[in-house]
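Here the structure comes first, spelled out in C-alpha cells, and everything after it is commentary.
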Amino acid sequence: MSVETAHAQRVRERAVERAATQASVTPDTPVWVGVVRSPPGWFHRRVDVALPALGLSVETHETLVRRRRDLRMQGLCAEGAHNAAWEELDVDEHYRAHLSSEDAREALASLAVRRERERIVLATDRQPGFRCHRAVLASVLAGD
C-alpha cells in the first residue's frame, strides 16, 4: 500500500469524514496516523492510530521552537523561519537518529507492517511549504 501526508484543512475535515466512513470501511479507506510526541487535545479525534514515539524528540522539538522564534524576531516570515531553523539544526538527521531509539523502532516496525496491508496517511497540521518530520518518516518507510 502507500504512505502519504495530509496537511492542515484535510486534518480538520477528518473528524467529520471519520464519522461518515466508519460504516463503509473498504481496503482503500486510509488509516490516519498521528506521529506527534505531545498531541493537542483535538488530535486523537482526528486520527485512527497515534504513535507518539515517532514524533520529534522533545529536545529537538524544543530547540527547533526556540530557534524558529529567534528567526521570527529577526524578521523572517513563519515559513522562512521554520525552514531556516530546520536546516540550521539539521532536524532531518536528528530525526533519523531518533528513529533508531528502542521506542521509535518498535513504533516504526508496527507502522511498516500496517503499510503492507493498508493505505497510511500521516496527519499533520503543518501547512504545505513547511519542513516536516512526516516527510522524512514517509521516506524511511519507502526505503529511501
Side-chain angles (χ1 to χ4, degrees), residues 1-22 25 28-144:
M1 292 297 220
S2 66
V3 176
E4 59 193 84
T5 59
H7 293 278
Q9 189 59 38
R10 288 287 296 140
V11 174
R12 288 187 193 98
E13 293 168 1
R14 175 63 179 137
V16 174
E17 178 183 301
R18 186 177 189 190
T21 61
Q22 281 183 336
V25 174
D28 291 334
T29 302
V31 174
W32 286 65
V33 178
V35 290
V36 177
R37 173 88 36 203
S38 299
W42 57 262
F43 195 75
H44 291 286
R45 292 186 308 272
R46 298 186 181 153
V47 298
D48 299 311
V49 177
L51 298 173
L54 294 178
L56 289 176
S57 71
V58 172
E59 180 183 328
T60 300
H61 182 262
E62 288 175 355
T63 304
L64 178 63
V65 167
R66 279 192 307 272
R67 185 60 185 140
R68 186 174 56 209
R69 185 177 48 239
D70 292 346
L71 292 168
R72 290 279 293 162
M73 295 290 285
Q74 293 174 23
L76 271 76
C77 68
E79 181 180 331
H82 175 83
N83 292 340
W86 189 279
E87 288 296 322
E88 182 181 310
L89 299 171
D90 202 9
V91 175
D92 283 5
E93 288 308 310
H94 284 280
Y95 184 64
R96 286 179 185 274
H98 165 70
L99 291 178
S100 66
S101 71
E102 185 176 340
D103 287 347
R105 279 195 324 261
E106 289 175 15
L108 188 58
S110 73
L111 188 55
V113 167
R114 285 193 95 112
R115 190 199 75 171
E116 294 301 318
R117 62 181 195 276
E118 298 170 311
R119 184 173 147 226
I120 302 295
V121 175
L122 300 174
T124 179
D125 61 351
R126 288 273 170 226
Q127 296 291 334
F130 282 72
R131 299 287 303 269
C132 182
H133 70 283
R134 290 157 193 88
V136 177
L137 179 57
S139 175
V140 167
L141 287 167
D144 298 340

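Everything numeric here is computed off the predicted structure, so don't read it as measured data.
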Exercise. If you look only at pairs with a residue in residues 67-90, which of them pass as a ring pair (Phe, Tyr, Trp, His ring centres under 6.0 Å), with sequence neighbours excluded?
Worked result: His82-Trp86, His82-Phe130

Problem set entry | With Glu79 via salt bridge (charged side-chain N to carboxylate O under 4.0 Å, His left out) - residues at least two apart | none

Seminar exercise, completed: ring pair (Phe, Tyr, Trp, His ring centres under 6.0 Å) pairs touching residues 51-77, sequence neighbours excluded, are none

For this session: Rounded to the nearest 0.5 Å, what's the gap from CG on Leu56 to SG on Cys132? Could you check?
Result: 8.0 Å

Seminar exercise, completed: Distance col, row Leu76:CG vs Asp70:CG, nearest 0.5 angstrom, shows 11.5 Å

Problem set entry | Partner set under side-chain hydrogen bond (donor to acceptor under 3.5 Å, both in side chains) for Arg37, not counting sequence neighbours | His98

For this session: Start with the C-alpha gap between Thr63 and His94, add the side-chain angles, then the distance that decides, and say whether side chain to side chain contact (heavy atoms under 4.5 Å, CB included) holds.
Result: CA-CA 11 Å; Thr63 304; His94 284 280; over 6 Å; no

Seminar exercise, completed: Here the pair of heavy atoms bringing Ala53 nearest to Ala104 is O-CB, 3.7 Å

Problem set entry | Contact list for residues 103-128, test ring pair (Phe, Tyr, Trp, His ring centres under 6.0 Å), sequence neighbours left out | none

For this session: Only counting residues at least two apart or in another chain, list the ones meeting salt bridge (charged side-chain N to carboxylate O under 4.0 Å, His left out) with Asp103.
Result: none

Exercise. Do Leu89 and Thr60 have side chains that get closer than 4.5 Å, going by heavy atoms?
Worked result: no

For this session: Decide if atom CD of Gln74 counts as having more than 12 heavy atoms of other residues, nucleotides or ligands within a radius under 6.0 Å.
Result: yes

For this session: For the pair Ser139 (side chain) and Ala135 (backbone), establish whether a donor and an acceptor sit closer than 3.5 Å, ignoring hydrogens and angles.
Result: no

Exercise. Shortest non-hydrogen contact from Val47 to Ala123?
Worked result: CG1-CB, 3.9 Å

Problem set entry | pair Leu108-Leu137: side-chain heavy atoms closer than 4.5 Å | yes

Exercise. Any sub-3.5 Å donor-acceptor pair from His133's side-chain atoms to Val35's backbone N or O?
Worked result: yes

Problem set entry | Qualifying residue, where the test is side chain to side chain contact (heavy atoms under 4.5 Å, CB included) with Arg67 and the options are Glu62, Glu88, Arg72 | Glu88

Exercise. Can you find a pair of side-chain heavy atoms, one from Arg115 and one from Leu111, that are under 4.5 Å apart?
Worked result: no

For this session: Measure the shortest side-chain to side-chain distance between Val65 and Arg68 over non-hydrogen atoms and say whether it is less than 4.5 angstrom.
Result: yes

For this session: Rounded to the nearest 0.5 Å, what's the gap from CG on Leu122 to CG on Leu141? Could you check?
Result: 7.0 Å

Exercise. Are Arg69 and Arg66 side-chain neighbours, meaning at least one heavy-atom pair lies under 4.5 Å?
Worked result: yes

For this session: For the pair Arg105 (side chain) and Ser100 (backbone), establish whether a donor and an acceptor sit closer than 3.5 Å, ignoring hydrogens and angles.
Result: yes

For this session: Of all the heavy-atom pairs spanning Ala107 and Leu54, show the shortest one and how long it is.
Result: CB-CG, 3.7 Å

Exercise. Which pair of non-hydrogen atoms, one from Ala84 and one from Leu71, has the smallest distance, and what is that distance?
Worked result: CB-CD1, 3.8 Å

